[in-house]
Each structure stands twice: as C-alpha cells, then as structure tokens.
**Q** 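Following this message is one structure expressed as structure tokens.
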Amino acid sequence: MARFILQRLRQGILSLLGLVLLVFVLARLTGSPAHLYLPEDASPQMVAAFNAENGFDKPLYIQLVHFLAGVFRLDFGESLLYGDPAVTVVLQRFPATLQLASVTMLIAVTLAIVVGAASAARRGSYGDAATRLGSMAALSVPDFWIALMGVAVFAVYWNLLPTSGMGGWQFWVLPLLTLALRPFGILTQVVRASMLDALDSDYVRVAKSKGVGPGAVIYKHALRNAAIPILTVAGILAAQVVNGALVVETVFGWPGIGNLMVTAIKGRDFAVIQAVVLITGAAIIVLNFLIDIAYSWLNPQIGLGE
Amino acid sequence: MSKAVTSLITQDDDALQVSAALLEVRDLLVEFHLRRGVVTAVSGLSYQLHRGETLAIVGESGSGKTVAAQAVLGILTTPPARVAGGEVLLNGQDLLLMSESERRRIRGEDIALIAQNASLNPVFSVGWQIAEPFRIHRGMSHRDSLIKAAELLDRVGIPAARSRLKDYPHEFSGGMRQRVSIAMAMALEPDVLIADEPTTALDVTIQAQIMALLQEMQGETGMGIVLITHDLGLVSEWADRLLVMYAGRECETGTVEEIFAQSAHPYTRGLIGSIPQARHKAGRLAPIPGSPPDLMQPAPGCSFAPRCAWAIDRCTAERPELKSLGSGRASSCHRTEKLLHVGEGEYQRHA
Amino acid sequence: MTLLNNDQENVENDSAEEAPRLSLRAAARSGPEPLRAADGLWRKVGHLLRRDVLGIAATTYLVLLLLTTVVGSFVLADSARNTNLHLRFVPPLSTQYGWEYVLGSDALGRSFLAQLTVAARTTLLISIGAVIAAAVVGALIGTVVGYARGRLDKVAMRIADVMLAFPSLLLALIVLYTLGAGLGSLILVLALARIAMYTRVARAETLAVRERVFIRASRAFGAGSLRIVCTQILPVIANPLVALATLEFALVMLAESALSFLGLGVHEPDVTWGGLIAEGRNYLQHAWWIALLPGLAITLTAIATNVLAELVRKAAESE
C-alpha cells in the first residue's frame, strides 16, 4: 500500500511538473510574458517596469527557477482583475465547481447504471432501442446550446427557474441537467455494453441456476463485474466535466472556476489562468488516485502497486 | 457410475409418481426469435434421467446441447430465446407450467449447474459464493452459511478449507476452481446436476480427478448427472447412457456400451471414428468433413445428409423420425437397420 | 463508443463484440495469418449500411449537408453578406420574403439560411482539418514509438496519459490565449488536444503487427526503420485509425463550437455554428431561431457522424 501511494505520488508530481513547464513555455512563447499579464494598452514604460519587477528581463533559466519557486509557494502572481493573489481567487471559486461537478457525476453515473443495466437486461426491446438512440443523442448535443435552450424555455418563456446565479435548488436544476447530459450519454453506452458482456457470462448463468433472483443477478453479480470499465470511463468523464463547466457556468453565471477562467481570459488575467490550470491539474491527479484505490476494491485481481 | 436401471425397480415406495425418472424431458422445443427470422435451436428433444445415473449429451458446438440444458434449468435469455413446447418433469412436476418464482425456488435446491470454466464470479470470494444458496433458499445468516461453505470445501478436497473462504477464484488453480464449483452446486444436495463441459479447460489428469469427484458425490447423494460434452473419451469412461445431438435434434440414444459397440447412426459413427487410436482413451472430436447446417433455413430431409457417406435419395427428401430399437435405444436414421448389420470394417470401407 | 447496430443476429455469443473498444482489435489479432492492406473498408461500410435504417438516414443527412455546403457557399455567399435593415428578425418557415428567408433572418436582416450554410463550411473545414492533423501526427508518433519500444515509448505514453486526463478545453483555452484566436491556432489547439488518442491506438496496433513475419523479413533485407513504418505498418493499421478519426469528428466539432461560443473561435467575418449560437444568445426572447437552428445543425451532424463511426468501427473490426 505504501509503495503504491509513493509510486502514484511520484507519477502525480511528474505530471504536475509537466503541466507547470507547459504553462511556462506557453507564457514565454509569445515573447515577453508582460503582454499576458498586463492590459493590452499598457505603455512601454509600464512593460519595462513590470519586466524588471518580475525578473522577466533575466535569462530564461533564472526565470524558470523563479517560476517554479513561485509555484511551490502557491504564488501564481496577483490577479489583475481582482487585486488579490490568484491562488486565493481560484480557491474561493473552486468549491462551487467541485459541488456542481460531483453532483453532476453522481446523477450521471446513477442514471446511466439504472438505464444502461435495464437496457442490457431487455436487449433488443423497444426500450433498449430508445435507450441507444437517446444516449447517442445525449452525447451529441452541445451542452452550452442545450443550456441556452433550457434558459429560453424554463426561465424566459415559462419563468419557472432562475436564469443565473447560485442559490436554492431551483438554481441547480438547469446547470446539473445540462452538465450531466453528455457523461450520462457516454456512460449509458458503456454500462449497456459491459453489462451485456457480464450477463452473457457463465458465472451469471450459474448464479441464476442457484436460484438468485433477477434483481440480484443484475445489480450484484453482473454489475460488480461491469463496474470496472464503468469506473474507468466515469473517471475520465469526471475530469472532462471541467470542459462542460467552462461553458455551462458561463451561461448560468455559476460562480465557479469555469466562469472565472472565461472571465480571466476575456480580462487577460494571466495569473488567474495559470492558477486555474495548475489547481485543476492537481485536483485531477487526486481524483485518479482515488479511482485507482476504488479499482483494487472492485476487482480483487488488481493488486495495488501493480 | 452406479448402474441406473436398477433404480427403476427400487423406487416402488412412491406410488403416486407418474414417472420413475428424476428428470424427464419430452419433446422440448426451443426457438430463438431474431430479426432475421426464427431459429429452432432444439427440436423435439426427449430423455429420461434416473437416480444415480449419468446421461451424457454429446454434440458439436451449436448442436443445441447447451441451449437444451439452459431450457431445462429455465435460465435462457428470453427474448430472444423461447421454450416453444414440450414438458420438463422434475420429480414428476412440469417445470414449464410453473411460475418464475416457483422455478427459482427449485433452482439450486433440486437442480444445479456446473459450467465450463467460469462458474465462479471473479469479484466475489468463494466462501460468499458457495454460501449463497444457503442464504437464498434456507434463509441462513451470513455466519452460519459460511460454516456450511467451509464444510463443503472440505468435502470436495480443498486443503485448509476454512482459511480459503475469503480467497477469490483467481487465487485457485483451474482444477481447484472446478472443485469449488462442484461444492457450490452440491450445496443443497440437488437431485439433478447439469455439468456443462465441466472439464474442458483442464488437462487430462485433472479431468479424471474432477470426474472422480463428481462420481463420488453421486455415490453419496444418488443424484442424476446430465453430462454435456463434446469429448467422447470422457463419455466412454464416466457415463451410463449417451444421447447424441445434431443440429438441435436427437440422432441416437442408448447405453454407452451398446452405442460404442455398434452405433446405429452414421453421425455417431463419425464421432466415435474420430477418437484417436483406442476409442476408450480420452480424445477430442476431430471434425467430420463439412460443417453443421444453417438452422435458419432447415433442409427438408435429414440435417446430417449433406455430410453423410451413407446418404441415399430418401435422406435428402424425408426427415427420419426417431425410431425405438428396444430397451431404451433409439436412432433417427433411414438406414439404421443396415448400419446395425454392418461391421466396423465394412463401415470404414463404405466411408 | 458503441451504439445502434444490428445486433441480436447470432444465437450465441454475440454480445462480446459490443464492448466499447478502440484498440482491442490489436489484442484479438495474433498469429502470422496473411495481412491485407487497409483496402475495402468503405466497401464493407457500404455492405453494413444496407441492413441499417439509421445508418442510411445518417449517411443521407451527411451527403445532403455536404452538397448544401458546397453548392450553398457559392450560391448563397452574397446573401450571407447582404444586410437589409427592413428584414431584421424575419421569423422562419415563411416564404413571403423569398426562399432565402425560409429560415428567417438575423439582427442585420441577413438570410439565416445563407448564414447557416456559410457557417457550415467553416465549421466542417475546421473540424475536418483538426481531425486530419491530429490523426496524421498522432498515428506517426504512435507507430514510431510502438515500433521503437523502449524508453521513448514509455515517455510518450506517459505524456499521452496526462494529456488525455486533462480537460481538453482548458488546455485549448490557455494555448489559444497565448497564441491568439484565429483559424490556424483554432485548428492547432483542437488537433493538439486529440493527438494522444491516435498515438495510443496506433501504438497498440503497431505492437500487434510489428513482429509479423513480413516485417522481420524486410528487416533482414536491410530496409530502414522509417521505411518499414511507412510502407509496411501504417497501411496495415490504417483501418482502426480511420474508425477512430470518424468517431473523433463529432467530438472535435463540439469542442470547436464551445470555443466559438466562448468567443475564442475564428474572427469576423468568418463564423461557425458555435459562433452563431453565441450571437443568438442575445436574442433568445425575440428571435429564438438564431440560437436554435445552428445548435440543431450541430446535434444532427454529431449524431450522424457518430452513427457512421459505429459502422466504420464494425467494418474495421470485421477482418
């Protein structure tokens, strides 16, 4: 177990370091990073002063050392738009996105398991065909568009739900539904396919021959086996929910990091942008670590630490 | 195995019983309703299984032997499969007339299954799996059922049984896994055990050990075994009676001795002839020339005719009915009489 | 991923083929049976199409879309530019202002049909360009590291893992921010985010075929490594890569429309469907069709290519 954690920790740090380097290289690719940090109409004097202050006139390797030291101290610079340290700004917004993303995945996974398993159990029925078509449509719809349509119908036309912001349950309905749509569509297909494999196996036939009831056959014997591919895909999708959050949070004015990122890009707030990227990267590494642990719990054949 | 026919006489205590057989299948008809059309996977299968008897059902893959067994157990995937006719009498009760919940109560209790090599669910401990029938059918607690599971593991010859309850299937060797499967199937001492290719994935010495264990269990409980296999070597050593299937139909049935001595069906002869060297040694079926027919478009005559060296015009025009040859022996071939009077040498020359 | 095929065809064992597998074909292939180059893939797709109503519908839609786009970008180019302030916000489904206004007009009184058609061309060009760029680069990297093995292979796979684990849109945003928005950088970021996918598949396929007799034979005759990769491996592993590229199209198009919606897409006067939706966002109450129709176009195109991708995958696996 300790070996496994160390190994994952090493891999995680390496990945994060790669991400840090990527951000550094990108920031220097366009010449002086001053262009990224400062407003577009900054005067040459301002640029020079900024460069001297932040050491951007020094050789590249010294800049890299400075940059890395900053990252280690969680110092990504000061936000241009908010005046606070970028890391503070990002961490303030992080919980809103985390809540939205977790509830989204919870809904998507639960619904996908129920619908996908039912579809596999009634293979070839009309319900099965409808599920397959529906899940295909769900993963093909642009999430920001369905969000806009939701606002147009439920908030503007029928006036049932609020258009934007965060608050009581009414504020959660549209963002959750639009964000969950795509992971739900993909996961339903994965659940259906892996449940079909599991239901067609000898161990399921033997379980039935022991007198196990249909519910336990599907949800205990088959699902536990199908859970591994489901978990893999769910893990990838959980990280990709950030993609959806970028646009959906913008549409609904959700005070999370997706919204923050888009605002930062429009406002040329580079300190915040790199803080969002690196903190999201760290969160995803933690997520993958948790998934690895869940794997070994689900499948006794996978030991920890390979 | 213990000679079965004797049980016919000893079972006089149960006067009400309609049939003396433990399990009797009559005219079983199983269809698959696919988008392309209807496939008749099993057509008019009938057999009887008596106490303490081992009946081998033999055929190539796709012959319907496994589908027939699943129909008897009631575990076919429906749809697309559908039992379209026949009777399945277990201890005189027709299973096909029962409700699903009644059948479920019988499964595991009176009739059980061992499958090829993955009877065990890879993600649950073996103890949990063996104990499951006790929890479902006897309402035992988890704790009590595990004690039962340990006893069973010990009975099938797993060393240090108690300490292995928490182990997962992949922590056992192939032979040991099959012992665990037997323990699980034997949990509630069923009257009928269906063993679907129980030794296919195992090497020859382990095969013999597993079959010996099954025979031992049979001796203790008097259960009947339906042994589904494509391995005639196994049949010659361990079965009492034999039923050969081809394209969903019964070709020939009789005692193992009779059929191996002089088969009354060209397909059976082909199967026996394809056992390498000495017939009574273990061996797999070498393929008979040609391939099984498309069950979607059955030809009017005998389904084996296109591959049969003995086929005459009548064979492609008229389907042969199953004809009784007396003393439980039957064959479905227009040329049965001829075959019964032809020795092996002449048969070989003909083929 | 898998979907909507003619299943339920075989009596036994037909569900195994349904698993969402992109590179599993590699695992199934073993032994030195003769290999054919990647020919006949589209013929096989055509054969599968004959029994598949949904597949026919999807193909018909895509053919019509391509035709409309090609013809429309000539015929309708002027109407897409012509503003007419008397005809602002004409509602759709009426021919009272001429057939060009059958899908209504936008805030400047331009024919929305023309707008959609011109946007279709840009959307499709960007998506196809990004898919091809990612496929070519990714496949080349994957084949080379799969052929070379060793440390290079390990490093490349780790990078691919990290790239696939990270939210692609976030990556695209930061690259677009530093490079500046525009057609070129848009295609670049869209391709960059998906290269790792092709690298993985190409590598897995290469590992499966590299030890084949014919490669060993040509190595013995002194053929260079790069030549072997290009002439012997790439043609053989092309089918699964084509299947993957078809599947990736919808994904790339969706990413493109999201970026355009956020205002990081192509510059004016070029516009894509995603950009039209962003425009329509301002008129949700009075002119719902401006946001609705391009979204419908994206959805239908994505569904159609996903249906087609499923058929291509099946054809690629049915060797």
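By convention in this document, chain letters (A, B, ...) are assigned in the order of the sequence lines, proteins followed by strands, and residues within each chain are numbered from 1. Since the structure is predicted, the reported quantities are computational estimates derived from the model, not experimental observations.
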**Q** Do side-chain atoms of A/Gln240 reach the backbone of C/Leu164 as a donor and acceptor pair under 3.5 angstrom?
**A** yes
**Q** I'd like to verify something: which residue of A/Val23, A/Val241, A/Val141, A/Leu22 has the highest number of heavy-atom pairs under 4.5 Å with chain C?
**A** A/Val141
**Q** How many angstroms lie between CZ in A/Phe144 and CD1 in C/Ile277, if you round to the nearest 0.5 Å?
**A**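 Rounded to the nearest 0.5 Å, the CZ-CD1 separation comes out at 4.0 Å.
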**Q** Select one option (side chain, backbone, both, neither) describing which atoms of A/Val277 are under 4.5 Å from chain C's heavy atoms.
**A**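 Contact with chain C is through both the backbone and side chain of A/Val277.
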**Q** For A/Leu148, is it the side chain, the backbone, both, or neither that has a heavy atom closer than 4.5 Å to a heavy atom of chain C?
**A**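 Looking at A/Leu148, backbone and side chain both touch chain C.
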**Q** If you count heavy-atom pairs under 4.5 Å with chain A, which of C/Val162, C/Ile303, C/Ile159, C/Leu284 comes out on top?
**A** C/Ile303
**Q** Is it the side chain or the backbone of A/Val156 that comes within 4.5 Å of chain C heavy atoms, both, or neither?
**A** side chain
**Q** Mind checking what makes side-chain hydrogen bond (donor to acceptor under 3.5 Å, both in side chains) contact with C/Glu248, not counting sequence neighbours?
**A**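 In terms of side-chain hydrogen bond (donor to acceptor under 3.5 Å, both in side chains), with neighbours along the sequence ignored, C/Glu248 is linked to C/Arg194.
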**Q** How far apart are the C-alpha atoms of C/Leu170 and A/Leu246, what are their side-chain angles, what is the distance that settles it, and do they pass the side-chain contact (heavy atoms from CB on, under 4.5 Å) test?
**A** CA-CA 8 Å; C/Leu170 203 57; A/Leu246 281 170; 4.1 Å; yes
**Q** Taking the side chain as every heavy atom from C-beta outward, state whether A/Leu14 and C/Arg158 have any pair of such atoms under 4.5 Å apart.
**A**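 No; the side chains remain at least 4.5 Å from each other.
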**Q** Nearest heavy-atom pair of C/Ser168 and A/Asn243: which atoms, and what distance?
**A** OG-ND2, 3.2 Å
**Q** Of the options C/Thr299, C/Asn306, C/Thr301, C/Thr305, which is the one that meets A/Ser140 in a side-chain hydrogen bond (donor to acceptor under 3.5 Å, both in side chains)?
**A** C/Asn306
**Q** Please step through side-chain contact (heavy atoms from CB on, under 4.5 Å) for the pair A/Val242 and C/Phe166, ending with a clear verdict.
**A** CA-CA 9 Å; A/Val242 175; C/Phe166 199 73; over 6 Å; no
**Q** Can you give me the closest heavy-atom contact between C/Pro167 and A/Ala239, atom names plus distance?
**A** CG-O, 3.4 Å
**Q** How far does CG of A/Leu19 sit from CG of C/Leu171, to the nearest 0.5 angstrom?
**A** 7.5 Å
**Q** If you measure from CD on C/Glu310 to CD on A/Gln189, what distance do you get to the nearest 0.5 Å?
**A**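 Separation between the atoms: 8.0 Å.
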**Q** Using non-hydrogen atoms only, which part of A/Leu287 is less than 4.5 Å away from chain C: side chain, backbone, both, or neither?
**A** neither
**Q** CG of A/Leu139 to CG of C/Leu254: how many Å apart, nearest 0.5 Å?
**A**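 It is 8.5 Å, given to the nearest 0.5 Å.
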**Q** Once rounded to the nearest 0.5 Å, what's the spacing between atom CD1 of A/Ile265 and atom CG of C/Leu262?
**A** 8.0 Å
**Q** So which part of C/Leu264 gets closer than 4.5 Å to some heavy atom of chain A, the side chain, the backbone, both or neither?
**A** side chain
**Q** Heavy-atom pairs under 4.5 Å with chain A are the metric here; pick the option from C/Leu292, C/Leu251, C/Leu259, C/Ile174 that has the most.
**A** C/Leu292
**Q** Taking atom CZ of C/Phe261 and atom OG1 of A/Thr250, what is their separation to the nearest 0.5 Å?
**A** 7.0 Å
**Q** Is chain C contacted by the side chain of A/Val251, its backbone, both, or neither, given a heavy-atom distance below 4.5 Å?
**A** both
**Q** Is the number of heavy atoms from other residues, nucleotides or ligands within 6.0 Å of CZ (A/Phe154) greater than 12?
**A**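 Counting neighbours around CZ of A/Phe154, 12 or fewer heavy atoms of other residues, nucleotides or ligands fall under 6.0 Å, so no.
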**Q** Please flag which part of A/Asp143 lies under 4.5 Å from any non-hydrogen atom of chain C: side chain, backbone, both or neither.
**A**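 Interface part for A/Asp143: neither.
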**Q** Quick one: do A/Gln11 and C/Asp161 satisfy side-chain contact (heavy atoms from CB on, under 4.5 Å)? Show the steps, please.
**A** CA-CA 11 Å; A/Gln11 279 175 11; C/Asp161 285 348; over 6 Å; no
**Q** For C/Ala250, is it the side chain, the backbone, both or neither that has a heavy atom under 4.5 Å from a heavy atom of chain A?
**A**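 For C/Ala250, no heavy atom lies under 4.5 Å from chain A.
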**Q** So for A/Ile285, is it side chain, backbone, both, or neither that comes closer than 4.5 Å to the heavy atoms of chain C?
**A**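 Interface part for A/Ile285: neither.
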